[in-house]
Number of protein chains: 2
Amino acid sequence: MSESEQSFLNTYNAADYPIVLLSVDAVLLTYHEDRLKVLLVERASHPAIGCWALPGGFIDQRADNQLEDAAMRSLKNKTGVAPPYIEQLGAFGSADRDPRGWSTTVAYTALIPYAACAAHIDSVSDSQWFDVDRLKTLKLAFDHQRIIEAGIERFRQKALYSLVTARALAEPFTLYELRRVHELLIGKTIQRKSFLRRIESSGVLKETGETKVIDKGRPAMLYKTRPGIDDYRFVRNIDG
Amino acid sequence: MSESEQSFLNTYNAADYPIVLLSVDAVLLTYHEDRLKVLLVERASHPAIGCWALPGGFIDQRADNQLEDAAMRSLKNKTGVAPPYIEQLGAFGSADRDPRGWSTTVAYTALIPYAACAAHIDSVSDSQWFDVDRLKTLKLAFDHQRIIEAGIERFRQKALYSLVTARALAEPFTLYELRRVHELLIGKTIQRKSFLRRIESSGVLKETGETKVIDKGRPAMLYKTRPGIDDYRFVRNIDG
DNA sequence: ACTGATAAGTGTCAAAGAGACACTATTATT
DNA sequence: AATAATAGTGTCTCTTTGACACTTATCAGT
């Protein structure tokens with residue numbers, strides 16, 4: 001670093017410039033009882049106190065080295081969940097999304113098994129899974145409604161050409177369950193045969209050898225994910 | 001808004017909380033003389049003074065209503081370019097990307113015709129197109145190298161299933177030029193026949209009826225874009 | 001003009017993968 | 001044992017792509 005840059009930094013003070021707010025939020029989605037659900041927390045403080053909101057918070061400059069660290073940390077804090085992977089959804093910023101001032105949030109999103117945070121959720125009343133279809137009837141904080149829609153849209157696209165959707169299920173799972181996740185995201189039924197062909201050709205799932213009877217009928221094979229599942233992409237989309 | 005929220009806001013002062021830096025940057029890419037190029041500006045002030053950097057700047061709370069406004073405004077400021085569309089690439093934030101402190105930038109990206117800012121670039125020496133292959137040899141400010149790579153990767157993906165790449169060309173253009181943009185992004189040659197079939201089935205380009213001789217050989221048809229081009233997606237990727 | 005080189009545009013075949021749908025297999029229930 | 005229900009399979013057709021040879025239109029040099 002040059003001497004002049006060093007002297008510039010010595011006299012630089014961020015507080016001399018207009019201040020903007022920067023937060024992180026997480027859109028966690030799952031599949032349970034034939035529904036897509038999103039994880040929300042009830043706000044305990046102003047603004048929008050009492051409203052349901054995405055789990056999130058501000059950057060902690062000591063604890064967080066990157067944006068993603070902040071997302072993970074506040075998620076762990078508020079819901080007890082630590083998903084194995086999380087993906088950036090985008091930044092949402094405007095003058096009027098937060099009454100405190102010009103505000104931006106960087107949203108992250110992930111699919112996790114329903115049970116992954118059941119224990120924590122059972123013990124507290126301020127975090128809860130909600131059917132994504134029922135969000136309209138809920139008073140959500142800030143622009144979180146729109147951010148959730150962006151998260152769902154992200155995975156709707158991915159459902160067309162990938163199997164990351166398996167991350168919404170506890171292992172082992174049946175093809176029926178995985179297919180239902182896709183169908184709910186895409187909003188269309190999918191041919192069983194087509195779906196199985198894609199899974200076999202992808203190589204990112206493996207049969208456990210076990211079977212399981214869901215309710216009635218022939219028992220279904222059980223599957224687990226394999227390492228490449230997050231990155232695998234089909235060259236052709238399924239019936240979009 | 002409730003009375004208690006109002007009183008909370010009356011006493012709220014953003015300056016009481018730790019301050020983070022938030023900026024916007026733009027990765028503008030184009031095609032010229034059989035090369036992919038990225039638009040950079042030379043930094044006139046500390047930090048990283050004299051380094052080439054992405055055009056960008058801080059939020060202006062009065063002028064900017066949204067993040068995208070800030071990206072467009074600082075782009076217009078620094079390079080004289082006002083692309084018709086721009087797309088969010090992502091947020092890049094960490095403790096050490098900027099010596100001034102914990103900093104986040106929201107990067108936007110777009111493809112524009114080379115000529116779109118030729119006039120401005122000719123008149124000033126502080127903004128210039130660079131071959132993307134030659135960036136390694138350049139001292140780029142902050143983490144801009146990585147952000148540019150993310151931008152290229154974004155359009156590499158889009159080149160597999162869309163024709164937004166046409167936005168990198170001045171109209172009218174030949175299929176050869178459009179195909180070259182795809183080939184440079186993907187890093188593979190594409191069969192002329194396959195490429196033409198996709199264009200015809202998409203319906204997002206139209207022939208002008210004119211033809212043009214590039215150098216020698218049969219004259220090539222000239223094409224223009226049609227409205228749906230930004231959103232059109234093929235169901236199947238081209239040879240990735 | 002004629003001819004050859006060059007590049008744009010076209011015809012066509014085979015392979016891959018998806019949709020459709022009927023058929024078989026395996027379980028629970030009666 | 002018969003029936004219903006659901007998982008899994010066989011197979012046909014249709015669409016799209018890659019491959020590659022073939023035709024067409026221009027330029028440059030004779």
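Letters A, B, ... are given to chains in the order of the sequence lines, protein chains preceding strands, and every chain is numbered from 1. The basis for the numbers below is simple: all heavy atoms, side chains too, and nothing from hydrogens, waters or symmetry mates.
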Point to revise | side-chain hydrogen bond (donor to acceptor under 3.5 Å, both in side chains) contacts in which one or both residues fall within residues 208-217 of chain B, not counting sequence neighbours | key: none
Exercise for review: Verify the distance criterion only: is there a donor paired with an acceptor across the side chains of T79(B) and S127(B) at less than 3.5 Å?
Suggested key: no
**Study point:** Spacing of R179(B) atom CZ relative to dG18(D) atom C1', expressed in whole Å
**Key:** 14 Å
Study note, to complete from the structure: Between NZ of K193(B) and C1' of dG11(C) the distance, given in whole Å, is 6 Å
Practice item. For the pair D230(B) and R167(B), find out whether any cationic side-chain nitrogen is under 4.0 Å from an anionic carboxylate oxygen. Key: yes
Point to revise | Charged tip of R97(A) within 45° of F92(A) ring normal and under 6.0 Å | key: no
Side-chain donor-acceptor pairs of residues 27-41 of chain A under 3.5 Å, sequence neighbours excluded:
{"from": "T30(A)", "atom 1": "OG1", "to": "I112(A)", "atom 2": "O", "distance (Å)": "2.5"}
{"from": "T30(A)", "atom 1": "OG1", "to": "Y114(A)", "atom 2": "N", "distance (Å)": "3.0"}
{"from": "T30(A)", "atom 1": "OG1", "to": "A168(A)", "atom 2": "O", "distance (Å)": "3.4"}
{"from": "Y31(A)", "atom 1": "OH", "to": "D34(A)", "atom 2": "OD1", "distance (Å)": "3.3"}
{"from": "D34(A)", "atom 1": "OD1", "to": "R180(A)", "atom 2": "NE", "distance (Å)": "2.8"}
{"from": "D34(A)", "atom 1": "OD1", "to": "R180(A)", "atom 2": "NH2", "distance (Å)": "3.4"}
{"from": "D34(A)", "atom 1": "OD2", "to": "R180(A)", "atom 2": "NH2", "distance (Å)": "3.0"}
{"from": "K37(A)", "atom 1": "NZ", "to": "D131(A)", "atom 2": "OD1", "distance (Å)": "2.6"}

Review point. Taking DNA chain D as the partner, which of residues 217-224 of chain B come within under 4.0 angstrom of it by heavy atom?
Key: G217(B), R218(B), P219(B)
Check your understanding: Separation of L178(B) atom CG from dG9(C) atom P, in whole Å?
Key -> 12 Å
Check your understanding: With T109(B), which residues qualify under side chain to side chain donor-acceptor pair (under 3.5 Å), at least two apart?
Key -> none
Point to revise | Distance in angstrom units between K216(A) NZ and dA5(D) C1', rounded | key: 6 Å
**Study point:** Carboxylate-amine/guanidinium proximity below 4.0 Å for R197(A) and E200(A)
**Key:** no
Review point. With the threshold set at 4.0 Å, does a side-chain nitrogen-carboxylate oxygen contact exist between E207(A) and K224(A)?
Key: no
Point to revise | Residue closer to the 5' end of DNA chain D, D215(B) versus Y176(A) (nearest nucleotide) | key: Y176(A)
Check your understanding: Can you name the side-chain contact (heavy atoms from CB on, under 4.5 Å) partners of S162(B), sequence neighbours left out?
Key -> K158(B), V164(B)
Review point. Atom CD of Q191(B) and atom P of dA8(C): how far apart are they, to the nearest Å?
Key: 14 Å
**Study point:** Whole angstrom value for the distance that separates C1' of dG10(D) from CZ of R192(A)
**Key:** 13 Å
Review point. How long is the line joining CD1 of I199(A) and P of dT9(D), in whole Å?
Key: 12 Å
Revision key, fill the gap. Here the distance between atom P of dC27(D) and atom NZ of K212(B), to the nearest Å, is 14 Å
Provide a list of protein-nucleic acid N or O atom pairs under 3.5 angstrom, restricted to nucleotides 14-17 of chain D.
{"from": "dT16(D)", "atom 1": "O2", "to": "R236(B)", "atom 2": "NH1", "distance (Å)": "3.1"}
{"from": "dT17(D)", "atom 1": "OP1", "to": "R198(B)", "atom 2": "NH1", "distance (Å)": "2.7"}

